[in-house]
Amino acid sequence: MKPRIGVLALQGGFAAHGAILSRLGVHVDEVRTPGQLADVDALVMPGGESTTMSMLLERSGLLEPLAERLSAGMGVLGTCAGMILLAREVVDGRADQHALGLVDITVRRNAYGTQIESFEADIDVHGLDSPFHAVFIRAPVVERTGPGVEVLARHEDRAVLCRAGQATVAAFHPELSGDERLHARFLADL
Ligand code: GLN
């Protein structure tokens with residue numbers, strides 16, 4: 001049976017994740033309701049705006065079931081805003097923004113500064129035999145990684161791709177460079 005991979009589709013860049021996952025041959029479901037979440041085996045949390053996504057998670061009734069699935073070990077790939085939502089601690093967030101706290105990292109929102117808010121860089125990823133072209137869009141900076149967090153890639157000494165248990169989080173947008181390798185690895189790790 002093909003695994004069913006959900007893409008959280010409340011806001012932000014979910015469509016490109018869905019396209020890349022479909023190309024990799026899995027069944028993709030957009031997730032907007034608790035019932036849809038219950039049907040998937042793993043979840044992608046896309047980039048977008050973490051404060052808005054947090055509010056929509058609450059309104060849609062997804063926040064609690066999502067926290068439950070995550071604590072039960074569901075595989076998750078969080079990119080950019082998705083990384084922020086999965087972090088243990090968020091600096092420069094809104095006071096009412098939820099941190100799901102699954103990954104023991106501290107992230108600072110929009111911390112690459114206004115002049116280089118968005119940029120692209122080739123990064124070396126642990127386990128890939130050639131660089132990955134990473135697109136950063138108002139990306140969070142990872143300021144701290146806890147002991148259980150494996151750093152898979154850095155950009156200028158800052159962790160930009162991390163894995164902790166069933167979660168992989170990226171400060172950049174792996175769905176935007178036409179390179180399927182990080183999604184393929186996420187699926188292989190499930
Ligand atoms: N700056 C956004 C936030 O704080 C994240 C940007 C992105 O996901 N590309 O949520």
Side-chain angles (χ1 to χ4, degrees), residues 5-21 28 30-32 42-60 62-63 66-67 70 76-123 125 132-145 149 151-156 158-164 167-183 186:
I5 310 298
V7 181
L8 186 66
L10 297 173
Q11 189 266 340
F14 54 87
H17 279 289
I20 215 164
L21 290 165
V28 182
E30 293 189 351
V31 171
R32 297 187 179 83
L43 187 70
V44 175
M45 296 174 61
E49 181 48 61
S50 59
T51 54
T52 309
M53 235 181 271
S54 169
M55 190 252 294
L56 293 172
L57 278 171
E58 207 178 298
R59 272 196 206 162
S60 60
L62 273 168
L63 194 62
L66 176 57
L70 292 173
V76 64
L77 171 65
T79 64
C80 207
M83 172 193 240
I84 296 171
L85 287 164
L86 288 164
R88 174 98 18 115
E89 190 183 8
V90 179
V91 182
D92 288 345
R94 273 177 56 130
D96 58 355
Q97 166 164 15
H98 295 283
L100 287 160
L102 184 70
V103 182
D104 185 16
I105 55 175
T106 301
V107 294
R108 184 179 292 272
R109 289 180 59 233
N110 303 330
Y112 279 99
T114 47
Q115 278 170 340
I116 51 159
E117 266 186 353
S118 300
F119 60 97
E120 303 187 9
D122 287 326
I123 58 172
V125 175
F132 191 94
H133 189 72
V135 179
F136 293 81
I137 304 171
R138 304 191 73 220
V141 164
V142 178
E143 294 194 333
R144 180 193 64 86
T145 55
V149 177
V151 177
L152 297 175
R154 294 179 189 274
H155 173 61
E156 292 176 348
R158 287 162 164 162
V160 293
L161 180 67
C162 302
R163 188 163 55 192
T168 303
V169 286
F172 56 93
H173 285 257
E175 77 284 11
L176 291 183
S177 41
D179 187 333
E180 295 164 0
R181 290 179 293 170
L182 292 185
H183 289 79
F186 167 64

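Index from 1, following the sequence. Note that ligands are numbered from 1 as they come in the structure, with each ligand's atoms numbered from 1 the same way. Side-chain atoms are counted along with the backbone in the values below, which use heavy atoms only and exclude waters and symmetry mates.
- The closest donor-acceptor contact from the side chain of Ser177 to the backbone of His133 lies under 3.5 Å.
- Close approach to Ile137 involves these atoms of ligand 1, each under 4.0 Å from a residue heavy atom: 6 (C), 7 (C), 9 (N).
- For the pair Arg181 and Phe186, the cation-pi criterion (under 6.0 Å, within 45° of the ring axis) is not fulfilled.
- With Ala111, Gly93, Cys80 as candidates, the residue nearest to atom 7 (C) of ligand 1 on a non-hydrogen basis is Cys80.
- For ligand 1, the polar-atom distance check finds an N/O of Ala81 within less than 3.5 Å of one of the ligand's N/O atoms.
- Using a 4.0 Å cut-off between heavy atoms, Met53 makes no contact with ligand 1 at all.
- Taking every heavy atom of Ser50 and a limit of under 4.0 angstrom, the matching atoms of ligand 1 come to 3 (C), 4 (O), 10 (O).
- Near Glu49, the atoms of ligand 1 lying under 4.0 angstrom from a non-hydrogen atom of the residue are 2 (C), 3 (C), 4 (O), 10 (O).
- Judged purely by distance below 3.5 Å, without hydrogens or angles, the side chains of Glu175 and His183 never pair a donor atom with an acceptor atom.
- Taking distance alone, with nitrogen or oxygen atoms compared against 3.5 Å, Thr79 stays at or beyond that limit from ligand 1.
- Each of the atoms 1 (N), 2 (C), 5 (C), 6 (C) of ligand 1 lies under 4.0 Å from some heavy atom of Arg138.
- In this structure, the side chain of Ser54 engages the main chain of His98 through a donor-acceptor pair within 3.5 Å.
- Judged by distance alone, the side chain of Arg109 and the main-chain N or O of Pro140 form no donor-acceptor pair under 3.5 Å.
- Residue Thr51 places no N or O, backbone or side chain, under 3.5 Å from any N or O of ligand 1.
- Taking the six-membered ring for Trp and the full ring otherwise, the centers of His155 and Phe172 sit at least 6.0 Å from each other.
- Each of the atoms 8 (O) of ligand 1 lies under 4.0 Å from some heavy atom of Gly47.
- Interface of Gly48 with ligand 1, defined as ligand atoms under 4.0 Å from a residue heavy atom, comprises 2 (C), 5 (C), 6 (C), 7 (C), 8 (O), 10 (O).
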For side-chain contact (heavy atoms from CB on, under 4.5 Å), just list the numbers for Leu43 and Met45, CA-CA rounded to whole Å, side-chain angles, deciding distance to a tenth of an Å, and then say yes or no. CA-CA 6 Å; Leu43 187 70; Met45 296 174 61; 3.8 Å; yes

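- Within the 4.5 Å cutoff, side-chain heavy atoms of Thr145 are placed close to those of Val151.
- Between Met83 and the options Ile105, Val160, Val103, Leu77, a side chain to side chain contact (heavy atoms under 4.5 Å, CB included) holds for only Ile105.
- By heavy-atom distance, the residue among Asp92, Ile84, Asn110 lying nearest atom 1 (N) of ligand 1 is Asn110.
- Here Arg109 has side-chain heavy atoms under 4.0 Å from ligand 1, and that is the only part of it that gets that close.
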